[in-house]
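Below: one structure, written as structure tokens.
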4 protein chains.
Amino acid sequence: MSPDTTRRSDRSRRAVLAAARDLVVEVGYPRLSIEAVARHAGVGKQTIYRWWPSKGAVVLDAVRALSEDETGGITLPDTGDLEADLKTVLRATAVEFGDPALSALLRGLYAEIAVDPELAMLYREQVDRPVTEAKLARLRAGQRAGQLHPEADLALCLDLLYAPFVQRWLLRTGPLDAAFADALVEATLRAFAPVGDVE
Amino acid sequence: MSPDTTRRSDRSRRAVLAAARDLVVEVGYPRLSIEAVARHAGVGKQTIYRWWPSKGAVVLDAVRALSEDETGGITLPDTGDLEADLKTVLRATAVEFGDPALSALLRGLYAEIAVDPELAMLYREQVDRPVTEAKLARLRAGQRAGQLHPEADLALCLDLLYAPFVQRWLLRTGPLDAAFADALVEATLRAFAPVGDVE
Amino acid sequence: MSPDTTRRSDRSRRAVLAAARDLVVEVGYPRLSIEAVARHAGVGKQTIYRWWPSKGAVVLDAVRALSEDETGGITLPDTGDLEADLKTVLRATAVEFGDPALSALLRGLYAEIAVDPELAMLYREQVDRPVTEAKLARLRAGQRAGQLHPEADLALCLDLLYAPFVQRWLLRTGPLDAAFADALVEATLRAFAPVGDVE
Amino acid sequence: MSPDTTRRSDRSRRAVLAAARDLVVEVGYPRLSIEAVARHAGVGKQTIYRWWPSKGAVVLDAVRALSEDETGGITLPDTGDLEADLKTVLRATAVEFGDPALSALLRGLYAEIAVDPELAMLYREQVDRPVTEAKLARLRAGQRAGQLHPEADLALCLDLLYAPFVQRWLLRTGPLDAAFADALVEATLRAFAPVGDVE
DNA sequence: GTGTAATCGAGACGGTACGTCAAGTCTTGTT
DNA sequence: AACAAGACTTGACGTACCGTCTCGATTACAC
């Protein structure tokens with residue numbers, strides 16, 4: 001599709017991402033080396049350097065590859081009940097983060113992002129934005145349905161919902177369980193409840 | 001005081017932390033090497049390896065050293081107005097995070113913590129807990145003063161207040177300005193407002 | 001020619017041996033470090049470790065390189081007068097051992113050989129054997145010419161000729177001069193004189 | 001006895017030499033470290049540095065200690081038959097060199113001597129000279145008894161006898177057996193035979 | 001079909017840093 | 001004063017990777 005991938009070997013690309021994924025899980029992100037990825041993938045080092053600018057970029061790609069099958073746009077469930085839907089989604093996310101492969105990859109990615117502004121930009125645009133759009137869409141629908149304050153700052157609302165979740169996972173300050181997910185949803189919805197909507 | 005530090009050279013300890021601080025700012029955390037820290041500190045590498053288990057531990061100590069002078073316990077302002085006090089604190093924190101030295105050190109620390117559970121534990125116990133205690137104390141005072149719901153989960157309340165703040169800083173998803181600080185405080189306080197307290 | 005040297009950089013090889021030679025002369029064998037050789041040769045340490053198993057092996061190679069230009073086989077002079085020829089050779093060897101570069105290299109080599117059986121084997125096969133063969137050939141010619149006892153043990157004869165010489169040089173028990181060389185030759189030839197050949 | 005050993009702890013001295021001997025045998029001379037000697041001997045590093053100038057000096061002392069019990073002067077057997085006596089002595093020396101402890105110590109010592117002129121001097125004076133004197137005395141007795149040429153250079157004679165022997169041991173060019181010892185003695189005595197004494 | 005040029009695997013290269021070991025000096029308290 | 005203990009600076013060890021650079025050997029498009 002894009003012109004700079006004309007002659008690119010898809011076999012090598014997949015092998016590199018798979019090797020990166022496996023090795024991150026096996027030895028951890030800091031001990032992941034381009035050298036080892038090339039070895040495991042049966043690929044020349046130059047092939048990696050040709051297509052990815054850094055170790056972090058490889059891992060970011062590996063993260064994207066994990067959810068590559070979802071060809072269509074991401075959509076959140078919409079049963080009409082915003083609170084229930086958000087709890088469903090947050091609980092599902094908690095389960096996802098329990099996957100050692102995804103978890104190890106994401107930890108490595110966050111470590112690099114914290115420290116590499118370039119990669120942070122790529123992350124925001126390629127990983128974060130699509131899902132954030134989907135989440136915002138669901139919130140907007142809820143807002144239209146009168147389940148959120150009409151002037152609620154939906155971006156801020158998303159921050160309240162997800163940032164504590166990610167932080168708890170990243171710093172391991174507590175378990176990512178359903179109770180936490182539910183409490184987060186409830187508190188956030190209270191903060192952006194429509195007028196007079198307090199029990 | 002403690003027996004295992006009997007013969008430790010305080011001169012070397014300070015020099016290492018200062019060198020680590022300076023070098024993180026200068027070249028960034030990933031390019032910070034124990035070798036360079038030793039060189040800049042005029043210290044043998046072995047002295048660093050003798051007293052710190054890893055590069056991350058040195059940086060954690062350097063972060064602690066930045067606030068070492070505050071000998072007394074940490075206390076948050078308490079003017080009686082919880083909202084105003086929280087805004088003051090959050091705005092001040094935003095300013096602090098603008099300091100290149102602190103910012104670079106913390107980014108490095110977060111990068112390592114994301115990926116090193118041992119260091120994460122040290123961080124929680126030595127850096128996070130003291131300030132979290134102080135924040136909780138202020139919230140508890142506000143709760144007693146009727147400015148928070150009597151059954152509010154204060155830990156969750158802190159998460160809503162700070163996690164979005166830290167996440168925005170870490171991922172550079174937006175500016176850390178007074179407007180954001182104020183919006184965070186207001187949303188969080190709405191989520192944990194005392195009964196019937198909606199204007 | 002040999003398959004394991006296909007991609008080897010000859011430029012690096014020469015630079016390493018030259019640096020080793022120069023540094024041994026400059027600082028002495030015990031203070032010769034692989035690190036310094038690499039630095040002086042403008043070569044990565046790994047390149048040295050890739051092609052030589054130890055410091056001693058580098059020095060052995062440097063010794064070989066000193067006489068590398070002599071492409072042809074080694075041959076001792078044969079004027080028909082064995083005694084005169086041996087004196088010529090031994091005197092010449094004494095002069096050679098006066099060369100600081102050769103002397104320093106050989107001292108280092110002997111020091112390592114004394115203590116490393118592997119290197120000792122390499123030395124015997126790659127350095128000692130060729131010249132020993134040449135010396136034996138000359139003795140054999142003398143024997144055929146009736147200048148040595150027909151049943152003389154020529155290997156032992158060589159030992160008597162050269163071992164005292166090397167020992168005096170190694171332990172510095174005396175000067176390596178023409179008088180000593182001549183005395184050695186005369187005594188040895190007396191020991192292996194043909195029958196009835198006593199003045 | 002000597003003034004500079006007034007306060008010297010003999011217990012420490014013995015412990016150091018014993019530790020050096022044991023460690024040389026165990027790990028080989030090049031991997032022998034002052035640090036390990038001190039540890040094994042239960043002695044402070046400073047104590048070693050106070051009394052010995054170098055690792056080589058410690059080993060030289062350890063070699064001397066191995067033959068310390070022989071309080072009296074060294075004397076070679078004198079049965080009246082020089083050839084038989086020399087064969088006895090050389091065969092005995094061959095056996096001695098088979099002792100792993102002595103052999104390992106001597107190899108280390110020779111390695112250092114090859115490269116350290118200071119130590120070489122100490123070796124010549126403290127180890128070599130006494131035994132060389134004894135050997136010379138026996139040769140002189142043989143010379144007086146008419147078993148050697150009256151004008152034989154006895155020092156050279158000793159060189160022919162011992163240097164090939166030491167060289168074979170040092171370079172491992174062959175076994176140190178009785179046959180070699182006998183052959184050496186016979187060849188050397190032929191070289192310095194009294195006039196007309198050829199069978 | 002057959003060049004031909006980019007990509008591929010492999011891996012040597014000059015480097016930097018790793019974490020460890022030991023050297024030799026210095027300090028502290030004990031005998 | 002000499003001792004055991006051990007922290008200190010220094011420097012080298014041998015290893016792992018970095019990112020660049022040749023090497024042939026595919027390989028896939030243009031002719």
Side-chain angles (χ1 to χ4, degrees), chain A residues 4-13 15 30-39 41-51 53-55, chain B residues 4-13 15 30-39 41-51 53-55, chain C residues 4-13 15 30-39 41-51 53-55, chain D residues 4-13 15 30-39 41-51 53-55:
Chain A
D4 54 344
T5 57
T6 318
R7 307 258 244 153
R8 178 170 189 177
S9 157
D10 199 60
R11 192 210 140 273
S12 292
R13 195 187 131 269
R31 282 205 293 276
L32 176 73
S33 67
I34 299 283
E35 201 113 14
V37 170
R39 204 160 40 233
V43 142
K45 278 202 290 176
Q46 201 58 253
T47 300
I48 300 184
Y49 285 110
R50 187 159 22 234
W51 301 111
S54 68
K55 184 171 98 165
Chain B
D4 46 308
T5 57
T6 316
R7 311 253 249 155
R8 180 169 187 177
S9 156
D10 199 62
R11 193 208 141 275
S12 293
R13 197 187 127 269
R31 281 205 295 278
L32 176 72
S33 67
I34 298 282
E35 201 115 12
V37 171
R39 204 160 42 233
V43 141
K45 275 204 288 178
Q46 200 61 254
T47 298
I48 300 185
Y49 285 109
R50 184 154 32 227
W51 302 111
S54 68
K55 185 170 98 164
Chain C
D4 46 305
T5 58
T6 315
R7 311 255 245 151
R8 181 170 186 176
S9 157
D10 198 62
R11 193 210 140 273
S12 293
R13 194 187 129 271
R31 281 205 293 278
L32 175 73
S33 66
I34 298 282
E35 199 116 12
V37 171
R39 203 161 39 233
V43 140
K45 274 203 289 178
Q46 201 59 253
T47 298
I48 300 185
Y49 285 109
R50 184 153 33 227
W51 302 111
S54 67
K55 185 171 98 166
Chain D
D4 53 343
T5 57
T6 318
R7 305 259 244 153
R8 181 170 187 177
S9 155
D10 197 63
R11 192 209 140 272
S12 293
R13 194 186 131 272
R31 282 207 293 278
L32 175 72
S33 67
I34 298 284
E35 201 113 13
V37 171
R39 204 160 41 237
V43 141
K45 279 204 288 178
Q46 201 56 253
T47 299
I48 300 184
Y49 285 109
R50 188 158 23 233
W51 301 111
S54 69
K55 185 169 99 165

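Remember, predicted model here, so these are calculated numbers, not experimental data. Per chain, numbering begins at 1; letters A, B, ... match sequence-line order.
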field: Heavy-atom protein contacts under 4.0 Å, nucleotides 8-14 of chain F, coded B base, S sugar-phosphate only, - none
entry: BBB-BBB

statement: Sorted by chain and residue number, the side chain to side chain contact (heavy atoms under 4.5 Å, CB included) partners of A:A38 (sequence neighbours excluded) come out as A:K45, A:I48

field: side chain to side chain donor-acceptor pair (under 3.5 Å) against B:S12, all qualifying residues, sequence neighbours excluded
entry: B:S9

- prompt: What is the minimum heavy-atom distance between A:K55 and A:I34, and which atoms define it?
  reply: CA-CD1, 4.1 Å

field: Spacing between C:I48 atom CD1 and E:dG15 atom P, to the nearest angstrom
entry: 12 Å

- request: List the atom of C:A41, the atom of C:A15, and the distance in Å for their closest heavy-atom pair.
  value: CB-O, 3.5 Å

query: Are B:W51 and B:R13 close enough, and set up right, to give a side chain to side chain contact (heavy atoms under 4.5 Å, CB included), and what steps lead you there?
result: CA-CA 9 Å; B:W51 302 111; B:R13 197 187 127 269; over 6 Å; no

message: Going by the rule side chain to side chain contact (heavy atoms under 4.5 Å, CB included), which residues pair with D:S33 if we only count those two or more places apart in sequence or in a different chain?
response: D:E35, D:A36

field: side chain to side chain donor-acceptor pair (under 3.5 Å) against C:T47, all qualifying residues, sequence neighbours excluded
entry: none

message: When the axes are fitted on five pairs at both termini, how much does the helix from E:dG1-F:dC31 to E:dT31-F:dA1 curve, in 10° steps?
response: 10°

message: For D:R50, I'd like to know if atom CZ has over 12 heavy atoms of other residues, nucleotides or ligands within 6.0 Å.
response: yes

